[in-house]
Visitor: 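I'd like to ask some things about the structure below.
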Amino acid sequence: MFSKVLIANRGEIALRILRACRELGIRTAVVYSTADADSAAVRLADEAVRIGPSASRRSYLNAAAVVEAARKVGAEAVHPGYGFLSEDADFAEICADNGLTFVGPPPHVMSTLADKSSARALMSRAGLPLAPGAVQPVPTAGEAAAIAAEVGYPVIIKAAAGGGGRGMAVVRTPADLPRAYARTRAAAQVAFGDDRVYVERYLTDARHVEVQLLCDAHGNGVHLGTRDCSVQRRHQKLVEEAPAPALPPATLDAIAETALRGALDVGFTGAGTVEFLVDAEERFHFLEINCRIQVEHPVTEMISGIDLVHEQLHVAAGTPLRWRQEDVRFSGVAIECRVNVEDPERGFTPTPGRLDRFVPPGGPFTRVDTHGHAGYLVGPHYDSLLAKVAVWAPDRELALSRLDRALGEFDVSGPGMRTTIPFVRRVLDDAEFRKGRHSTGLVDRLLAAPKTANPRRKR
């Protein structure tokens with residue numbers, strides 16, 4: 001095992017990794033920007049290195065500065081968390097060239113899977129089902145129109161190098177396609193430096209179901225079940241639960257086994273997630289592979305009892321996987337919501353500011369991952385995620401009630417600040433969501449509907 005790990009991230013995930021390292025007896029160093037000088041991660045780490053100003057491109061996305069910090073403190077490994085450099089194959093290669101272990105897949109595997117088009121081609125060859133559409137990038141609007149006519153509208157145009165809900169557009173009519181194609185390519189070039197796009201059938205009323213995997217460098221792998229992540233705004237998740245509800249066990253098993261087969265086929269190592277869309281007929285279609293720990297990993301930990309960050313570190317250190325599939329057991333239901341500093345009534349616009357009050361909920365089987373505290377300044381420079389609230393219960397009905405109770409206790413406020421808590425509680429009240437029959441269109445439906453008071457609540 002490593003003696004020192006550099007954490008190349010910030011916020012709640014930096015704290016999550018720091019705590020896992022401490023439990024394993026690993027010393028920690030964190031990098032930080034000027035904006036995060038008084039963060040909880042900086043206070044709790046054994047060492048901290050300032051690597052740049054607030055702008056992420058000059059700090060957390062500055063690969064050279066991160067590697068120099070790792071060498072300065074004598075770290076043996078770099079844990080990138082999620083976001084920033086976590087799926088940057090060039091960064092992983094730079095780490096290797098400098099004698100540092102990157103906690104994640106090998107650079108060549110990550111490079112192949114980061115390109116959505118090449119990942120689709122690989123998964124297709126491995127036998128994973130795809131949504132109808134192009135496997136390779138589509139170079140012209142005319143070819144995009146031909147594919148759309150063949151598979152049928154609506155279609156979705158996606159950036160081959162995309163991620164995080166960026167670089168995609170849903171097209172519902174042939175007349176809208178040329179402009180959407182040009183706009184998506186331009187947006188992809190700005191966001192990713194790569195304007196390649198592909199086109200596939202857009203599955204309406206689909207559910208977003210993903211599978212958590214652990215694989216080692218010795219050819220071993222296990223899946224840790226499914227998660228439903230269908231509650232999304234702008235293709236970014238708000239509520240996640242494990243296991244995915246209201247699907248037959250045979251379907252969930254098939255999705256999980258298919259995901260593991262595909263990951264092992266391409267030589268994946270570490271903790272990763274294979275994402276699928278499940279249509280109204282319960283047919284599942286490969287979406288993408290994420291080569292990192294996910295924001296929503298706590299719900300898998302709560303139903304499996306397996307610490308995913310511990311396992312990431314063991315695998316990165318070369319240890320054979322400590323779990324066989326028959327050793328993995330699931331219990332109960334876990335649901336997580338993201339508490340973002342955003343105003344849902346204004347298109348989820350961020351509302352940064354200083355926290356006057358910050359009192360997270362407690363109680364049985366309630367987990368809060370956060371870097372926030374009273375007096376903390378939520379700046380405009382980074383993602384608006386402030387906290388994750390996750391609960392466990394033996395059944396889904398109690399898990400929903402427990403999460404609603406926890407959110408009712410969460411006391412967070414500041415001048416001009418809004419959070420997603422009230423909106424998430426609307427989600428929890430929705431009849432289709434409570435039946436587990438919701439789709440990725442739930443958020444848009446709720447935003448379009450009038451708000452109604454819930455008589456069960458006192459606040």
Side-chain angles (χ1 to χ4, degrees), residues 1-32 41 45-47 49 51 60-63 65-71 73-111 113-114 212-218 220-222 224 263 267-273 289-298 300-301 306-323 369:
M1 183 50 73
F2 308 112
S3 60
K4 183 182 288 186
V5 168
L6 181 87
I7 301 167
N9 216 298
R10 64 175 300 280
E12 65 87 14
I13 191 59
L15 282 175
R16 172 72 184 89
I17 298 164
L18 186 154
R19 288 163 173 154
C21 287
R22 187 150 292 166
E23 290 164 4
L24 294 174
I26 302 170
R27 290 181 60 80
T28 58
V30 298
V31 296
Y32 68 94
D46 296 301
E47 298 176 73
V49 181
I51 56 170
Y60 297 107
L61 289 172
N62 187 338
V66 172
V67 169
E68 180 58 31
R71 296 178 61 183
V73 300
E76 300 158 278
V78 175
H79 196 309
Y82 55 71
F84 294 131
L85 296 170
S86 63
E87 293 183 284
D88 189 318
D90 292 338
F91 175 65
E93 192 165 356
I94 292 170
C95 286
D97 290 344
N98 283 271
L100 298 165
T101 298
F102 177 84
V103 180
H108 70 279
V109 172
M110 191 156 45
S111 177
L113 296 178
Q212 178 68 60
L213 304 174
L214 287 172
C215 302
D216 65 19
H218 307 279
N220 306 305
V222 297
L224 301 183
F268 186 88
T269 62
T273 305
I289 296 185
N290 291 302
C291 300
R292 52 174 166 77
I293 196 74
Q294 293 278 88
V295 177
E296 59 270 22
H297 75 273
T300 295
E301 294 181 330
I306 295 174
D307 189 308
L308 288 168
V309 181
H310 281 196
E311 298 308 316
Q312 278 190 297
L313 292 164
H314 283 294
V315 167
T319 304
L321 202 62
R322 302 188 301 165
W323 301 89
D369 288 22

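What you see is a predicted model, and the numbers here were worked out from it, not measured in a lab.
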Visitor: Show me the side-chain donor-acceptor pairs of residues 73-83 shorter than 3.5 Å, one per line, residues at least two apart or across chains.
Guide:
| residue | atom | partner | partner atom | Å |
| --- | --- | --- | --- | --- |
| Glu76 | OE1 | Ser3 | N | 2.4 |
| Glu76 | OE1 | Ser3 | OG | 2.4 |
| Glu76 | OE1 | Lys4 | N | 3.1 |
| His79 | ND1 | Gly81 | N | 3.0 |
| His79 | NE2 | Gln312 | OE1 | 2.9 |
| Tyr82 | OH | Glu12 | OE2 | 2.5 |

Visitor: Which pair of non-hydrogen atoms, one from His297 and one from Ile13, has the smallest distance, and what is that distance?
Guide: CE1-CD1, 4.3 Å

Visitor: Any chance you could measure Asn98, atom CG, to Glu68, atom CD, to the nearest 0.5 Å?
Guide: 8.5 Å

Visitor: With a 4.5 Å cut-off on side-chain heavy atoms, are Cys215 and Val315 touching?
Guide: no

Visitor: State the CG-CG distance between Asp307 and Leu313, to the nearest 0.5 angstrom.
Guide: 8.5 Å

Visitor: Between Val30, Thr28, Val66, Val103, which is the residue that forms a side-chain contact (heavy atoms from CB on, under 4.5 Å) with Leu6?
Guide: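 The side-chain contact (heavy atoms from CB on, under 4.5 Å) with Leu6 is passed solely by Val66 among Val30, Thr28, Val66, Val103.
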
Visitor: Can you check whether Ala14's main-chain N or O pairs, donor with acceptor, with Asn9's side chain at less than 3.5 Å?
Guide: no

Visitor: Quick one: list whatever passes side chain to side chain contact (heavy atoms under 4.5 Å, CB included) with His218, sequence neighbours left out.
Guide: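 Asp216, Asn220, Pro320.
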
Visitor: With Ile306, which residues qualify under side chain to side chain contact (heavy atoms under 4.5 Å, CB included), at least two apart?
Guide: Leu214, Leu224, Ser304, Glu311, Trp323, Val328

Visitor: With rounding to the nearest 0.5 Å, note down the distance linking CD1 in Ile7 to CD1 in Ile17.
Guide: 5.5 Å

Visitor: Can you see which heavy atom on Phe91 is nearest to which on Ala63, and at what distance?
Guide: CD1-CB, 3.6 Å

Visitor: Would you call Pro298 and Asp369 a side-chain contact if the rule is heavy atoms closer than 4.5 Å?
Guide: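 With C-beta onward as the side chain, the pair touches.
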
Visitor: For Asn62, enumerate each residue passing the side chain to side chain contact (heavy atoms under 4.5 Å, CB included) test, keeping only those at least two apart in sequence or located in another chain.
Guide: Ala64, Ala65

Visitor: Suppose we screen for side chain to side chain contact (heavy atoms under 4.5 Å, CB included). Which residues come up paired with Thr273, at least two apart in sequence or across chains?
Guide: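 Partners of Thr273 under the side chain to side chain contact (heavy atoms under 4.5 Å, CB included) test: Glu210, Gln212, Arg227, Glu275, Asn290, Gln294.
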
Visitor: Looking at Ala69 and Val49, what are the two nearest heavy atoms and their distance?
Guide: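 Here Ala69 and Val49 meet closest at CB-CG1, 3.8 Å.
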
Visitor: Quick one: ring pair (Phe, Tyr, Trp, His ring centres under 6.0 Å) partners of Phe268, sequence neighbours excluded?
Guide: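 In terms of ring pair (Phe, Tyr, Trp, His ring centres under 6.0 Å), with neighbours along the sequence ignored, Phe268 is linked to no residue.
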
Visitor: Using a 3.5 Å cut-off and no angle test, enumerate the donor-acceptor pairs between side-chain atoms of residues 18-25 and protein atoms at least two apart in sequence or in another chain.
Guide:
| residue | atom | partner | partner atom | Å |
| --- | --- | --- | --- | --- |
| Arg22 | NH1 | Leu44 | O | 3.3 |
| Arg22 | NH2 | Leu44 | O | 2.8 |
| Glu23 | OE1 | His310 | NE2 | 2.9 |

Visitor: Which salt bridge (Lys or Arg N to Asp or Glu O under 4.0 Å) pairs, counting each pair once, include a residue from residues 101-111, with sequence neighbours left out?
Guide: none

Visitor: Under the rule for side-chain hydrogen bond (donor to acceptor under 3.5 Å, both in side chains), what residues qualify as partners of Tyr60, not counting sequence neighbours?
Guide: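 Here the qualifying residues are Asp36.
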
Visitor: What pairs meet the salt bridge (Lys or Arg N to Asp or Glu O under 4.0 Å) rule with one or both residues in residues 85-110, with sequence neighbours excluded?
Guide: Glu87-Arg292

